[in-house]
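Structure record follows, encoded as structure tokens.
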Amino acid sequence: MSSEIEVVEIREFLTYFSWGRHAEDKMLDMRLGGGTYAIHKNGKALVVDSMTRPGQGQWVKDYLTRTHQVEQFTLVSSHWHVDHIIDNKAYADCVIVGHKHTREKMLEKKAIFEAGAYGDYDPFEVVPPNLVFEERLELWVDDIKVELEEYLVHEKGHLGVLLPEQKIFIANDILEDPLWFFDFGFASAETQLAELERLKAQDIDFIFPCHCSIETIKQGGFTKSLIDANISYLNRMIAAAANPDFASIAAAEMLKDELEAGIITWWEPYAEVHDFNKKEVLKLIQKQS
Ligand SMILES: [Zn+2]
């Protein structure tokens, strides 16, 4: 499994661990691809999420111990989705920070997760956050200030990680390249769009999502144009829903300008997410009418 993880040293204090994009894999998260980030300095590390297969969180921990002499780990669980919490066990003896809702959901689904009966994920031991909060929490990795903040996008209690001095934002699943997963069950489309606008108003120069093209990470990350691309995608989906051709409109067609501008990169397995999103948007339109 270790060979599946690719490491990108973004800055001397910031590393990306990618589980790669495997178009033929049986797991959706392996097909879409993704990864986690760690902020580290002077023997301390704040790891954001524990990846998508058992053992991968441990791999990251061992890597940081070996290469950066990290002795003190803190884990942040950005939200409860399994591709972000599966190997929290590797950090069971550490402070694990998360939103109150993330802990509640993990405990609620504990039996299903541990039986391997949830989606296409391997069974795993549930280790929920042991330090929970709502809205906002400030913490430090040595002298690097880190602000965890809740955004009502994609999932309730979803945390973004801001390094205000460096103007770096680790978005987790708040933003995705090339497009994001819709769920309007916990917050309306209007609320989620307003939250993305609130994010855009922050002083941020570099954005790092979980699920994205690793090439863009290697080139230094995304800019706020990714926020605009995600906002436009939802607006265009809602506008197109009444179109009789809606079912056959490809995402790559809908996102043509952003793809041509290199803001996002097309990756074919996202056609599955696009089809799922169409159903969510149709449900939304039906509810409103
Ligand atoms: Zn995810």
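One-based numbering, in listed order, for ligands and for the atoms of each. Below, all heavy atoms of this structure are taken into account, side chains as well, without hydrogens, waters or symmetry copies. Bear in mind that the values here come from a model prediction, so they are computed numbers and not experimental data.
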Identify, by name, the N, O or S atom of D173 lying closest to the Zn ion (ligand 1).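 Of all N, O or S atoms belonging to D173, OD2 is the one nearest the Zn ion (ligand 1).
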Of all N, O or S atoms in D83, identify the one at the shortest distance from the Zn ion (ligand 1). OD2
Ion pair check, E155 and K105, cut-off under 4.0 Å: no
Are E280 and K283 within salt-bridge range, i.e. N to O under 4.0 Å?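 Salt bridge flag = yes for K283 with E280.
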Is the Zn ion (ligand 1) less than 2.8 Å from at least one N/O/S atom of [X]?
X	value
D29	no
H84	yes
H211	yes

How close do H40 and T15 get, counting heavy atoms only, and between which atoms? NE2-OG1, 2.7 Å
Check whether Y91 forms a cation-pi arrangement with K61 (NZ or CZ under 6.0 Å from the six-membered ring centre, at most 45° off the ring normal).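 Verdict for Y91: a cation-pi partner in K61.
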Identify which one of E150, H101, H154, H99 satisfies the side chain to side chain contact (heavy atoms under 4.5 Å, CB included) criterion when paired with H79.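 Per the side chain to side chain contact (heavy atoms under 4.5 Å, CB included) rule, the option paired with H79 is H154, out of E150, H101, H154, H99.
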